[in-house]
Protein chains: 2
Amino acid sequence: MAGAIADPVRREILVMLRDRRLSAGEIAERFDISRPAVSRHLRVLRNSGLVRDELVGRRRLYALDAGAFAELAEWLAPFVQPSGWERRLDALETEIYRTRREHRARGAAGQAKENTA
Amino acid sequence: MAGAIADPVRREILVMLRDRRLSAGEIAERFDISRPAVSRHLRVLRNSGLVRDELVGRRRLYALDAGAFAELAEWLAPFVQPSGWERRLDALETEIYRTRREHRARGAAGQAKENTA
DNA sequence: GGAAAGCGTAACCTACTGGTTACGCGTCAG
DNA sequence: CTGACGCGTAACCAGTAGGTTACGCTTTCC
């Protein structure tokens with residue numbers, strides 16, 4: 001399911017559906033890609049459960065399915081605002097590593113370069 | 001960035017890092033795939049900003065970056081608990097479509113099959 | 001100083017993804 | 001009934017993602 005929101009086109013479709021329910025054609029005409037391409041994106045969204053579809057005459061209306069998004073949010077929740085526990089454990093672990101190292105090499109200063117800030 | 005959480009291996013790495021900070025090797029040995037493969041997953045996570053890395057001696061420690069997750073959560077937020085607005089608009093739109101249709105065809109009953117429940 | 005440890009990168013191959021055009025099927029309009 | 005509309009599917013193709021093995025660089029240990 002997480003793979004469904006990986007594609008930018010699909011994410012934009014989801015944003016569009018946030019406002020109102022839309023037919024396949026209405027969705028497709030807002031993109032520069034062909035209609036079948038959009039149709040397949042819609043199928044992926046359908047299979048992922050992020051979207052529900054309803055046949056109305058010869059049109060097919062798409063709407064968001066809140067349930068799937070709730071699942072996503074549920075997965076994401078533990079990652080936002082780390083509980084503070086980990087930071088302490090990290091510090092402890094680093095300390096262990098450093099003391100073990102400095103047990104021998106006395107002259108080497110403790111250096112650690114931060115990346116990907 | 002959303003593409004980074006599409007892969008199941010990367011998601012599992014993130015879960016692992018939720019508890020404590022880990023070195024590349026510690027991460028790699030928990031998977032059946034080769035170490036270089038894990039290394040590239042880590043690069044993807046690094047480039048996506050979901051993970052920060054710090055060089056400690058000859059090891060490279062990885063830790064979650066809360067900022068990126070906050071962004072994700074921010075994007076996801078508008079999708080959980082729809083505001084109620086859309087449902088009303090949907091109902092209205094459906095009504096318009098039906099009345100226009102039934103203006104001519106009197107006998108046809110309003111039918112709409114739900115899919116992908 | 002030299003061997004080993006810890007990681008990343010390069011080159012390569014396969015599998016999937018996402019795009020296209022051509023087509024088929026059901027529904028509405030006249 | 002027949003033509004147009006709306007939409008999905010099939011077949012095909014190029015680009016990317018993710019796996020592997022081989023290799024190189026930096027840091028630690030003796």
Side-chain angles (χ1 to χ4, degrees), chain A residues 2-13 21-48 51 53-62 97-113 115-116, chain B residues 2-13 21-48 51 53-62 97-113 115-116:
Chain A
I5 61 172
D7 188 90
V9 171
R10 287 197 288 268
R11 277 199 304 275
E12 194 171 338
I13 291 176
R21 184 159 51 165
L22 293 172
S23 71
E26 289 171 315
I27 294 171
E29 71 188 3
R30 307 193 189 185
F31 290 97
D32 286 341
I33 63 181
S34 69
R35 202 181 45 66
V38 174
S39 185
R40 216 173 27 185
H41 280 301
L42 290 172
R43 174 170 39 175
V44 173
L45 289 172
R46 224 181 305 142
N47 293 338
S48 75
V51 145
D53 69 317
E54 183 183 354
L55 283 134
V56 178
R58 60 183 164 183
R59 304 197 309 162
R60 184 182 290 222
L61 297 181
Y62 287 91
Y97 183 73
R98 290 220 169 110
T99 49
R100 193 181 53 177
R101 181 162 61 94
E102 289 164 355
H103 221 257
R104 267 285 181 165
R106 272 295 174 194
Q111 53 217 11
K113 308 158 197 167
N115 290 337
T116 316
Chain B
I5 59 174
D7 188 272
V9 172
R10 287 197 288 269
R11 276 199 305 274
E12 195 172 339
I13 291 176
R21 186 161 49 166
L22 293 172
S23 71
E26 290 172 315
I27 294 171
E29 71 187 2
R30 307 195 189 185
F31 290 97
D32 287 340
I33 62 179
S34 69
R35 203 181 44 66
V38 173
S39 185
R40 215 170 31 185
H41 280 302
L42 290 172
R43 176 169 41 178
V44 173
L45 289 172
R46 224 182 305 142
N47 293 338
S48 75
V51 145
D53 68 318
E54 182 184 354
L55 282 132
V56 177
R58 61 183 165 185
R59 305 196 310 161
R60 185 182 289 223
L61 297 181
Y62 287 91
Y97 183 75
R98 291 220 168 112
T99 49
R100 193 181 55 178
R101 182 162 61 93
E102 288 165 355
H103 220 256
R104 267 286 181 166
R106 272 294 173 193
Q111 55 220 11
K113 309 158 197 166
N115 289 339
T116 317

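Worth knowing before you read on, the calculation uses all heavy atoms, side chains too, and leaves out hydrogens, waters and symmetry mates. Fair warning: this is a prediction, and the values are worked out from it, not measured in the lab. We name chains A, B, ... by the order of the sequence lines, and we start the count at 1 in each one.
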Chi angles and distances behind the side-chain contact (heavy atoms from CB on, under 4.5 Å) call for B/His41, B/Ile27: CA-CA 11 Å; B/His41 280 302; B/Ile27 294 171; over 6 Å; no
Rounded to whole angstroms, how far apart are CZ on A/Arg58 and P on C/dA29? 6 Å
If the cut-off is 4.0 Å, is A/Tyr62 near the phosphate of D/dC7, judged by side-chain N/O to OP1 or OP2? no
Nearest whole Å is fine: how far is D/dT26 C1' from B/Glu54 CD? 17 Å
Would you kindly give the CG-to-P distance between A/Asp53 and D/dT9, to the nearest whole Å? 10 Å
Nearest whole angstrom, please: distance from the P of D/dC7 to the CD1 of A/Ile27. 9 Å
Report yes if at least one side-chain N or O of B/Arg43 is closer than 4.0 Å to OP1 or OP2 of C/dT9; otherwise report no. yes
When rounded to the nearest 0.5 Å, the distance separating CZ of A/Arg58 from OG of A/Ser23 is 11.5 Å
Students should find that the end-to-end axis angle of the helix from C/dG1-D/dC30 to C/dG30-D/dC1, with five pairs defining each axis and rounding to 10 degrees, is 30°
Please list, by residue number, the residues of residues 31-39 of chain B whose heavy atoms come closer than 4.0 Å to an atom of DNA chain D; answer none if no residue qualifies. B/Ile33, B/Ser34, B/Pro36, B/Ala37
Phosphate OP1/OP2 of C/dT17 contacted by A/His41 side-chain N/O (<4.0 Å): no
Which value, rounded to the nearest 0.5 Å, describes the distance between A/Glu12 atom CD and A/Asp7 atom CG? 10.5 Å
Nearest-Å distance for atom pair CZ/P, residues A/Arg11 and C/dG18: 11 Å
What is the distance from CG of B/Asn47 to P of D/dG18, rounded to the nearest Å? 13 Å
To the nearest 0.5 Å, how far apart are CD in A/Glu26 and CZ in A/Arg60? 14.5 Å
Take A/Arg21 and A/Glu54 through the salt bridge (Lys or Arg N to Asp or Glu O under 4.0 Å) test and state the conclusion after the steps. CA-CA 10 Å; A/Arg21 184 159 51 165; A/Glu54 183 183 354; 2.8 Å; yes
Between atom CG of A/Leu22 and atom CD1 of A/Ile13, what is the distance when rounded to the nearest 0.5 Å? 10.0 Å
Side-chain (B/Arg11) to main-chain (B/Ala6) donor-acceptor, under 3.5 angstrom: yes
When rounded to the nearest 0.5 Å, the distance separating CZ of B/Arg35 from CG of B/Leu42 is 10.5 Å
Nucleotide D/dT27, atom P - distance to CG of B/Leu61 in whole Å: 15 Å
Is a side-chain donor or acceptor of A/Arg46 paired with a backbone partner of A/Val51 at a separation under 3.5 angstrom? no
How many whole angstroms separate atom CZ of A/Arg59 from atom P of D/dA4? 21 Å
Heavy-atom donor-acceptor pair, A/Arg40 side-chain to C/dG19 base, under 3.5 Å: yes
